[in-house]
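Below you'll find the structure, written out as structure tokens, and then a few comments.
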Amino acid sequence: MTTTRIDTVRGADGPSPPPRAGRNRLVGAALIVLSLAAALSCYFVFTTWLPNDRTLYREYKEAKACPARRVIPRSEDCLRKVTFTVEGTRTTTKNMRATLLGPEPFPRTVVPFGDRGPVLSGLQRGDRVTGTVWRGAIVVVAEGDVRQNSADAPRDEPQMTAAVGTFAGLLAALALMFGAMHLARPRDPGLFTWRPYGKWLLIVTGATCAVVGLSTVWTGLPWLLVPTVCGAVVAGTAWFLHRDLRLGRVGR
């Protein structure tokens with residue numbers, strides 16, 4: 001009776017059994033699927049999204065002023081300045097826009113903005129402004145000599161787009177690595193689990209891509225630095241963190 005009770009208590013207080021192999025195989029398969037999806041996203045960003053944005057910005061900067069016409073078409077590849085009257089504005093954090101009234105084919109147009117800027121914050125109902133129209137969208141609003149780009153204006157900010165693609169690529173690599181370990185060693189994937197190795201790698205990857213992307217935008221550095229720097233930081237973090245966890249220098 002005593003032996004039975006001691007064994008029961010020991011079983012209750014002892015270490016929990018290792019994760020089931022079947023569950024780890026399922027997790028590994030899910031990570032492989034996630035890796036494939038992230039890799040496709042990375043491919044789309046660098047082969048379609050980024051080149052299209054750069055082409056659009058180049059075409060916008062090369063656009064010339066439109067010739068005078070009696071009938072103005074809705075969309076033109078040139079820059080046309082049109083006089084508008086302000087109907088109203090919204091300057092909340094989640095909704096920054098101005099509603100402008102103008103001649104045909106722009107009788108009433110809602111212009112979104114990314115910030116309050118020098119123009120939007122000072123607009124009042126009834127003010128007269130000059131809008132620059134390109135391909136059917138108002139890309140610049142000017143009041144006197146003060147100008148502000150709208151949210152529809154093409155921007156030369158490939159660094160942030162590259163940061164999104166880089167994050168997707170690094171996520172694909174991490175998911176593939178963890179998924180392969182779960183499939184190859186379903187009974188004991190070792191350190192390749194969510195806590196702490198996977199969790200910290202994901203945090204470092206996201207933070208690094210965001211910081212490097214924003215920094216290169218603000219400093220005007222070339223976008224090619226984004227994948228280079230982010231890849232080096234994440235690879236170094238993965239190596240050092242794995243070494244420290246294996247040696248017991250970092251608590252699991």
Side-chain angles (χ1 to χ4, degrees), residues 34-66 75-81 93-98 109-120 131-142 146-177 201-238:
L34 174 62
S35 173
L36 178 60
L40 291 175
S41 299
C42 176
Y43 177 80
F44 169 77
V45 170
F46 284 106
T47 62
T48 303
W49 184 3
L50 182 60
N52 286 351
D53 277 0
R54 302 198 72 190
T55 299
L56 186 67
Y57 180 77
R58 184 175 63 252
E59 292 173 350
Y60 170 61
K61 297 302 292 184
E62 293 176 352
K64 306 298 183 182
C66 295
S75 179
E76 301 174 281
D77 279 331
C78 50
L79 300 173
R80 183 174 297 279
K81 292 187 177 181
T93 303
K94 295 183 178 180
N95 189 7
M96 288 180 280
R97 67 184 187 184
T109 306
V110 177
V111 184
F113 290 89
D115 54 69
R116 295 179 178 87
V119 174
L120 179 63
T132 301
V133 182
W134 184 66
R135 294 184 178 179
I138 299 177
V139 292
V140 178
V141 175
V146 183
R147 296 161 51 90
Q148 181 179 350
N149 287 336
S150 74
D152 293 327
R155 285 171 169 75
D156 185 25
E157 297 177 353
Q159 298 91 338
M160 286 308 301
T161 306
V164 173
T166 300
F167 176 77
L170 292 173
L171 179 62
L174 294 177
L176 178 62
M177 178 174 63
L201 283 181
L202 185 61
I203 292 174
V204 169
T205 301
T208 301
C209 290
V211 170
V212 174
L214 290 172
S215 299
T216 50
V217 168
W218 294 334
T219 57
L221 294 173
W223 68 267
L224 287 172
L225 286 176
V226 176
T228 304
V229 174
C230 292
V233 171
V234 173
T237 301

message: So that I can confirm a possible disulfide, could you see if the SG-SG distance for Cys66 and Cys78 falls below 2.5 Å?
response: yes

Salt bridge (Lys or Arg N to Asp or Glu O under 4.0 Å) pairs touching residues 38-48, sequence neighbours excluded, are none

Contacts of Trp223 meeting ring pair (Phe, Tyr, Trp, His ring centres under 6.0 Å) (sequence neighbours excluded), chain-then-number -> none

Here the salt bridge (Lys or Arg N to Asp or Glu O under 4.0 Å) pairs for residues 47-59, sequence neighbours left out, are Glu59-Arg135

The ring pair (Phe, Tyr, Trp, His ring centres under 6.0 Å) partners of Phe46 (sequence neighbours excluded) come to none

From the list Thr237, Thr166, Val233, Leu174, side chain to side chain contact (heavy atoms under 4.5 Å, CB included) with Thr205 holds only for Leu174

The side chain to side chain donor-acceptor pair (under 3.5 Å) partners of Asp115 (sequence neighbours excluded) come to Gln148

Those residues at least two apart in sequence (or on a different chain) that pass disulfide (SG to SG under 2.5 Å) with Cys42 are none

Residues passing the side chain to side chain contact (heavy atoms under 4.5 Å, CB included) test with Arg97, sequence neighbours excluded, are Arg90, Asn95, Val110

Taken in chain and number order and not counting sequence neighbours, the residues that satisfy side chain to side chain contact (heavy atoms under 4.5 Å, CB included) with Thr93 are Arg116

Those residues at least two apart in sequence (or on a different chain) that pass side chain to side chain contact (heavy atoms under 4.5 Å, CB included) with Ala38 are Leu171, Ala172

With sequence neighbours left out, the residues meeting side chain to side chain contact (heavy atoms under 4.5 Å, CB included) with Asp156 are Tyr57, Pro158

